[in-house]
Amino acid sequence: MNYVQLGKEISYVLRHHPEKYNLDIDNEGWVDVGDLLNALESRFGLLKEEDIVALMQQSEKERYELKNHRIRAYYGHSFSKKIMKQRNIPPKVLYHGTARRFVSSILTTGLQPMSRQYVHLSQDVETAKQVGMRHDTQPVILMINAQSAFQDGVAFYLGNEKVWLSETIPPQYIEER
Ligand code: HQG
């Protein structure tokens, strides 16, 4: 089983294009696992729920939640119907790894969701560095004063144990590390 390709397609479907396979996705991003496996069969052959479990165990990141034969992506969504996430009190500080070329714009207009539904923030510096490396070989780590932003009304949401989600973070809460 090519778990890398399978994972990419599952992320593509659950985060960006559930309509590609006519999948019903609810307000919290849940999809019936059986429906998903049927949809993927033409490309990946017969799949069982255990294949998804194995995929999740092999992954270096916690990307999906599997419960009661339903599955959803923890984060990353881009389709227009915004997924309802659970609001939560953030830690005092969160981090965001980004490219050098984006920094001046971020410090002027704030951290924006860009093509996704939410801004993605990291629980720790190492995670932020890995996220930033996707955009730049020498990423910049931004420190987010999450506590102040939260107190001033910016909403934060749970992603997985390392990823937090938020609405736009205005520049006054962001500094270069
Ligand atoms: C930047 C991966 C200019 C932002 C990762 C980022 C993450 C601005 C880029 C998850 C800006 C968007 C998400 C502004 C933000 N001006 N640039 N005002 N505001 N940006 O990929 O956070 O492996 O959509 O800094 O690990 O990099 O797929 O977001 O560089 O958790 O599971 O716009 O995706 O997870 O890039 O990554 P992205 P991200 P997976």
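One-based numbering, in listed order, for ligands and for the atoms of each.
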If the condition is salt bridge (charged side-chain N to carboxylate O under 4.0 Å, His left out), which residues does Asp152 pass it with, not counting sequence neighbours? none

Would you call Trp164 and Asn88 a side-chain contact if the rule is heavy atoms closer than 4.5 Å? yes

Taking the six-membered ring for Trp and the single ring otherwise, decide whether the centroids of Tyr118 and His120 are under 6.0 Å apart. no

With a 4.5 Å cut-off on side-chain heavy atoms, are Leu55 and Tyr64 touching? yes

Counting only non-hydrogen atoms and a 4.0 Å cut-off, the residues near ligand 1 are Arg15, Lys61, Arg63, Tyr75, His96, Thr98, Phe102, Ser105, Ile106, Thr109, Gly110, Leu111, Gln112, Met114, Arg116, His120, Val131, Arg134, His135

Intermediate values then yes/no, side chain to side chain donor-acceptor pair (under 3.5 Å), Gln117 and Tyr157: CA-CA 12 Å; Gln117 296 182 359; Tyr157 309 87; over 6 Å; no

Residue Arg100 excluded, over 12 heavy atoms near CZ under 6.0 Å: yes

